[in-house]
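Just so you know, these numbers use all the heavy atoms, side chains as well, and skip hydrogens, waters and symmetry mates. One-based numbering, in listed order, for ligands and for the atoms of each. Counting from 1, the numbers follow the sequence of the chain as shown.
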Amino acid sequence: MTMDVLITGGCGFIGSNFVRFILNAREDVRLVNIDNLTYAGNLANLDGMEGGFADRYHFIRGDICDPFCVKGLFERFQIRWVIHFAAESHVDRSILGPEAFIRTNVLGTFHLLETARNIWLQKDGSYPPDRRFLHISTDEVFGSLGDSGLFTEESPYDPSSPYSASKAAADHLARAYFRTYRLPVIMTHSSNNYGPYQFPEKLIPLMIQNARKGIELPVYGDGGNVRDWLYVEDHCRALLRVLEKGRPGETYNVGGMAEKRNSEVVELICEYLDRKLGIRGEGPRTKLIRFVLDRPGHDRRYALDTSKIRKELGWEPTMKFEQGIRTTIDWYLENTRWVEGILDGSYREYYAKQYGQRLGPQ
Ligand code: NAD
Ligand code: TYD
């Protein structure tokens, strides 16, 4: 017996890793991936999938903000789980242009929740017990921490950027659908992911890419902001565990237990590339680091208390950051064609807008 699972945003970074992960982990799953292929969505992230998994993988190019498209999927397939990744996900882009974030992250989430509710609801007002709506959120909805402390699942919401504010709005809707309609929503807050297939606008792949090519490495502010890094495969494992064992209405923090200052991360990347590729004529790659104008509203530190998912679901991250970063760098070095293929004109335009004034004339 196969079961139909709807994944949104499956052509993005975490989504594509999850598609591969779940199809390998669960032979009974037939996956339907809806993605409208924004700049961050890339069919090449799932190359070979439709051939390799034959009738267990279906890609639908569609927009989660289109209620007719979403409803059509629920009518065509017997969706039991929704795994909702689709989002505009980059903080800097949300500062340059917040509207798309409100549209996809808030309105798109609303259409998915509303469609699931309408289609899954039974005559007696309940839902079949095997239904789950997994809403993927972020630690950024809690705002910024000082030097100490951790966010728990109960921490108050205090988002700083249009991105995190739009994710917070989506979280509130998702929680309201559980409380009001008893829709079996489960939520996760994960920390910063890294690993293969991450779009090179985010810190780690951007620095790998620039350092490889000998381009300046723009570190915001004093480089002392701290992120908790989670290897994407550990995240995928946590999500499947939450789907299988988590309780509807609950929220689970998924963190990597690997807090690092940004400048530390960039230095590690430089040092590993120096060792792997040799030191360039101009000197060690750390010489490319430029401390540039800070991001407005830049959260200082994120870190998650993951005791709930550890205790209740027996999950913990297995990848150590020092190993994960090497594996990630190796992947980017072996997949330069993938990177070059997505650095199209629109990315170059974004890069100039984001970094032009910060780095000065090139
Ligand atoms: P991503 O930007 O790499 O991918 C997003 C995907 O969603 C893309 O494939 C894009 O085409 C698709 N998409 C965007 N708008 C859409 C729409 N209207 N309809 C259909 N598809 C649409 O993002 P990611 O880094 O893979 O993040 C996935 C989810 O995880 C997001 O919800 C994000 O908020 C959350 N998250 C990410 C991180 C992280 O470190 N990357 C950390 C915590 C939470
Ligand atoms: P990012 O990968 O954009 O993730 P998020 O903002 O969602 O945490 O950035 C991670 C950290 O790296 C964040 O503190 C901002 C910083 N950063 C830089 O210093 N320079 C850059 O060019 C980028 C993209 C990020």
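Open room surrounds CD on Gln357; 12 or fewer heavy atoms of other groups in view lie less than 6.0 Å from it.
Listed by atom number, the atoms of ligand 2 under 4.0 Å from Val219 heavy atoms are 19 (O). Of all atoms in ligand 1, numbered sequentially from 1 with element shown, those under 4.0 Å from a heavy atom of Gly62 are 19 (N), 20 (C). Close contacts of ligand 2 with Glu201, meaning ligand atoms under 4.0 Å from a residue heavy atom, involve 24 (C). For ligand 1, the atoms sitting less than 4.0 Å from at least one non-hydrogen atom of Thr38 are 10 (C), 11 (O), 14 (C), 15 (N), numbered in the order shown with element in parentheses. Shown in contact with Asn192 at under 4.0 Å from a heavy atom are these atoms of ligand 1, numbered in order with element: 40 (O). Below 4.0 Å from some heavy atom of Ile136 lie the following atoms of ligand 1, by number and element: 30 (O), 32 (O). Taking every non-hydrogen atom of Tyr355 and a distance limit under 4.0 Å, the qualifying atoms of ligand 2 come out as 21 (C), 22 (O), 23 (C), 24 (C). Near Arg227, the atoms of ligand 2 lying under 4.0 angstrom from a non-hydrogen atom of the residue are 8 (O), 13 (C), 14 (O).
For the pair Asn42 and ligand 1, the shortest N or O to N or O distance does not fall below 3.5 Å. Considering backbone and side-chain atoms together, Thr104 places an N or O closer than 3.5 Å to an N or O of ligand 1. Below 3.5 Å of separation, one finds no N or O of Glu88 facing any N or O of ligand 1. At a 3.5 angstrom cut-off on N or O pairs, His84 does not count as close to ligand 1. Backbone and side-chain nitrogen or oxygen atoms of Asn193 are examined, and one is located within less than 3.5 angstrom of a nitrogen or oxygen of ligand 1. Taking distance alone, with nitrogen or oxygen atoms compared against 3.5 Å, Lys167 approaches ligand 1 more closely than that limit. Polar contact check, Met207 against ligand 2: no nitrogen or oxygen pair lies under 3.5 Å apart. Residue Thr138 has no N or O atom closer than 3.5 Å to an N or O atom of ligand 1. Taking distance alone, with nitrogen or oxygen atoms compared against 3.5 Å, Cys65 stays at or beyond that limit from ligand 1. Considering both main-chain and side-chain atoms, Asn36 comes within under 3.5 Å of ligand 1 through a nitrogen or oxygen pair. Looking at ligand 1, you'll find an N or O of Gly12 within less than 3.5 Å of one of its N or O atoms.
Remark: minimum distance from atom 19 (N) of ligand 1 to any protein heavy atom is reached at Ile64 N, 3.0 Å. With hydrogens left out, the protein atom closest to atom 18 (N) of ligand 1 is Asp63 OD1, 2.9 Å, a heavy atom. Scanning the protein heavy atoms around atom 10 (C) of ligand 2, the nearest turns out to be Leu203 CB, 3.8 Å. At the shortest separation from atom 42 (C) of ligand 1 among protein heavy atoms lies Ser191 O, 3.4 Å. When hydrogens are left out, the protein atom nearest atom 41 (N) of ligand 1 is Ile14 CD1, 3.7 Å; that is the closest non-hydrogen contact.
Of the residues Lys308, His189, Arg175, the one that meets the side-chain hydrogen bond (donor to acceptor under 3.5 Å, both in side chains) test with Thr251 is Arg175.
Checked for salt-bridge contact, Asp4 and Arg76 miss the test: no charged N lies under 4.0 Å from a carboxylate O. The pair Lys276-Asp330 counts as a salt bridge, with a side-chain nitrogen and a carboxylate oxygen less than 4.0 angstrom apart. Salt bridge Glu216/Arg358: absent, no basic N to carboxylate O contact under 4.0 Å. The existence of a salt bridge linking Lys320 and Glu322 is excluded, since no basic side-chain nitrogen approaches an acidic carboxylate oxygen closer than 4.0 Å.
No side-chain donor from either of Thr336 and Glu340 sits under 3.5 Å from a side-chain acceptor of the other. Under the 3.5 Å distance criterion, with hydrogens and angles disregarded, no donor-acceptor pair is assigned to the side chains of Glu88 and Tyr163.
Using 4.0 Å as the threshold, Tyr163 has no heavy atom nearer than that to any atom of ligand 2. Ligand 2 lies less than 4.0 angstrom from a heavy atom belonging to Glu140.
At a 4.0 Å heavy-atom cut-off, ligand 1 touches Tyr163 through the side chain alone. At a heavy-atom cutoff of 4.0 Å, ligand 1 is contacted by no atom of Asn105, backbone or side chain.
Ring pair Phe199/His90: centre-to-centre distance not below 6.0 Å.
With distances taken over non-hydrogen atoms, the option nearest atom 14 (O) of ligand 2 out of Arg300, Arg295, His298 is His298.
Counting only heavy atoms from C-beta outward, the side chains of Ser16 and Gln198 never approach each other to under 4.5 Å. With contacts defined as side-chain heavy-atom distances shorter than 4.5 Å, the pair Lys71/Asn118 does not qualify.
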